[in-house]
2 protein chains.
Amino acid sequence: MPESSLKYKPTKWIMTILKTIFITGTAGSGKSLLTSKLYDYYTQNSAFAAVLNLDPGVENLPYTCDVDVRDYVDIVSVMKKYDLGPNGALVMANDLIASKIDDIRSEVERVNPDYLLVDTPGQIELFAYRSSGRFIVENITSEEKTSIFLFDGSLITTPINFVSLALLATSIKLRLNLPTINVITKTDVIGEKLQDILKWSSNIRALENSIAQEADGETYTLTTNILRGLNLSGFAQGLIPISNVTGEGLVNLEGALSRILNLGEEVED
Amino acid sequence: MPESSLKYKPTKWIMTILKTIFITGTAGSGKSLLTSKLYDYYTQNSAFAAVLNLDPGVENLPYTCDVDVRDYVDIVSVMKKYDLGPNGALVMANDLIASKIDDIRSEVERVNPDYLLVDTPGQIELFAYRSSGRFIVENITSEEKTSIFLFDGSLITTPINFVSLALLATSIKLRLNLPTINVITKTDVIGEKLQDILKWSSNIRALENSIAQEADGETYTLTTNILRGLNLSGFAQGLIPISNVTGEGLVNLEGALSRILNLGEEVED
């Protein structure tokens, strides 16, 4: 067991109920790497985790897939068969996945893990905004489902960028209709900026003050009005910092997942 | 001049200032088709319009490009050179475009149109959330810039979907920092649903009532709090229905563009 997890009480894994975790975020935010880290984390803690890759267009993955949509939808064949470029082929391939849901579900049931980690397609909009994504979320047989949304730390260079990503996260949460844990990745590369971002995420007044310093009047008004709406709904709480490189923060993420997925069924050993 | 435009007073085009219009929206929302329709519209009304294609991965376009990033960034070469799949190649190609901004700018200046229509990449997140998109928006030399965001009518099957897309539109508006006109496309295929959507976009109470009928308590609270924030900022006003097939609504869109781009300089003939 990694040293860092000793800060938390040990969890006894409940073996009978499949729990599914969808890992979402913009292209390049670190979805596949976090999937691999979570897989290692669960495995090291004696839980039976498996990975479902939903990206038909990915070349290299940092983990071994247990179930892989590329076995059902081959992007190069789609490009050739329908005479499409990479854009069009990715759109079509993502839509085709939905038609393979019975096969994918059967494979998952054969593997029968405790935790199914679902690595979603590189471009989040293909998954979140086309109807196939929601269809897949609804049709994976699982007692409990949750989503992790990755804020790409390297994209948050200003407080307005932070609000923009918070809106995207909320938009996707509404679209997928899943309880969502918000995570900020790449904490090892963004340095001192992390403290600003965590302050913005936990203190709306600090965020508004930072926005006032950089934005024009119209943008300030738009942003602060939206922020109050988000804040009233408790959005801003609990942005979890993660480094996929050092593994820092994984234990906090696992704690947040447990609270959602085990619904209070955690027991001490 | 198309008959429909007779409803509006004729516009005298101001020839000296380049106005740039970025056409944005999710994959498949109809960006390229609207670009082509707007090009035809301006041309038929004796304005000098030109099209800049920013999508390095598109195969077929419904218009002739005046400036084309595919002349600078070839996606197949990127795939081969860096041994990338279509996902990774699209991400890298979009980032590479930013390094070609001087060439693109020079070409646009040589063409020297009154209206530059910029067709953005198929997947909006590659443009909006990676730093290259904002960089390009800032570095096109133009006196006035605006953005059109396309709500894909076929994706709005529920009021929650509508709010989700409204959040995405707002997120992108904040990210690109451009005045934005919201348009709903595919009005010819969504039928009676259009009336619901237009009601939702103009009457927050009607939208809240529709959400109450379909959503659980938590989602209802989240959504309505956010809506009040958006509404306070005047977001919901002015969703313009467009059919790229029949051309219906284009004249209203042109009117909205004129109000932003000409800053009241419209004069009667």
Side-chain angles (χ1 to χ4, degrees), chain A residues 26-29 55 57-60 75-76 79 83-91 93 121-126 128-131 152 154-155 157 160-161 163-168 170-175 177 215-216 218-219 221-235, chain B residues 26-29 55 57-60 75-76 79 83-91 93 121-126 128-131 152 154-155 157 160-161 163-168 170-175 177 215-216 218-219 221-235:
Chain A
T26 51
S29 60
D55 190 342
V58 71
E59 288 284 285
N60 303 302
I75 193 108
V76 176
M79 287 172 79
D83 192 24
L84 292 168
N87 263 336
L90 280 172
V91 171
Q123 271 86 262
I124 180 71
E125 74 184 272
L126 294 183
Y129 295 109
R130 296 189 70 82
S131 47
D152 183 334
S154 69
L155 294 183
T157 51
I160 302 263
N161 286 348
V163 176
S164 172
L165 277 180
L167 286 176
L168 178 67
T170 309
S171 170
I172 289 168
K173 177 181 157 69
L174 287 176
R175 186 89 195 167
N177 196 28
D216 58 46
E218 194 193 339
T219 304
T221 305
L222 172 64
T223 317
T224 50
N225 282 332
I226 292 168
L227 277 174
R228 280 167 201 166
L230 286 175
N231 195 50
L232 281 171
S233 316
F235 172 82
Chain B
T26 51
S29 60
D55 190 341
V58 70
E59 288 284 284
N60 302 302
I75 193 106
V76 176
M79 286 172 80
D83 191 24
L84 291 168
N87 263 337
L90 279 173
V91 171
Q123 271 86 261
I124 180 73
E125 72 184 274
L126 295 181
Y129 296 108
R130 296 189 70 82
S131 47
D152 184 335
S154 68
L155 295 182
T157 51
I160 302 261
N161 286 350
V163 176
S164 173
L165 277 181
L167 287 175
L168 178 67
T170 310
S171 170
I172 289 168
K173 177 182 156 70
L174 287 175
R175 186 89 195 166
N177 196 27
D216 58 43
E218 195 193 337
T219 303
T221 307
L222 172 64
T223 315
T224 49
N225 282 332
I226 291 168
L227 277 175
R228 280 168 201 163
L230 286 176
N231 195 50
L232 281 171
S233 316
F235 170 80

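Just so we're on the same page: letters track the sequence lines, and every chain starts at 1. All values reported here derive from a predicted model rather than from experimental measurement.
For B/Ala27 against A/Leu126, the heavy-atom pair with the smallest separation is CB-CD2, 4.1 Å.
Heavy atoms of A/Leu84 lying under 4.5 Å from chain B belong exclusively to its backbone. Both the backbone and the side chain of B/Leu168 come within less than 4.5 Å of a heavy atom in chain A. When heavy atoms are compared at a cutoff of 4.5 Å, B/Leu90 approaches chain A solely by way of its side chain, counted from C-beta outward. Residue contact with chain A, scored on non-hydrogen atoms closer than 4.5 Å, involves the side chain of B/Asp55 exclusively. Within the 4.5 angstrom heavy-atom criterion, atoms from both the backbone and the side chain of A/Leu155 approach chain B.
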Is there a side chain to side chain contact (heavy atoms under 4.5 Å, CB included) between B/Thr26 and A/Arg130 once you walk through the steps? CA-CA 9 Å; B/Thr26 51; A/Arg130 296 189 70 82; over 6 Å; no
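In terms of heavy-atom pairs under 4.5 Å with chain B, the best-connected choice from A/Val58, A/Val91, A/Val163, A/Asn161 is A/Asn161. Contact count against chain A (heavy-atom pairs under 4.5 Å) is highest for B/Glu125 among B/Glu125, B/Glu59, B/Met79. For the options A/Ile172, A/Thr157, A/Ile124, heavy-atom pairs under 4.5 Å to chain B are most numerous at A/Ile124.
Going from atom CD1 of B/Ile160 over to atom OG of A/Ser171 covers 11.5 Å, rounded to the nearest 0.5 Å. Atom OG1 of residue A/Thr170 and atom CG of residue B/Asn225 lie 11.5 Å apart, to the nearest 0.5 angstrom. Atom-to-atom distance recorded for B/Asp152:CG and A/Tyr129:OH is 12.5 Å, nearest 0.5 angstrom.
In this view, B/Asn177 satisfies the side chain to side chain donor-acceptor pair (under 3.5 Å) rule with no residue, not counting sequence neighbours. Residues satisfying the side chain to side chain donor-acceptor pair (under 3.5 Å) test with B/Asp216, not counting sequence neighbours, are B/Thr219.
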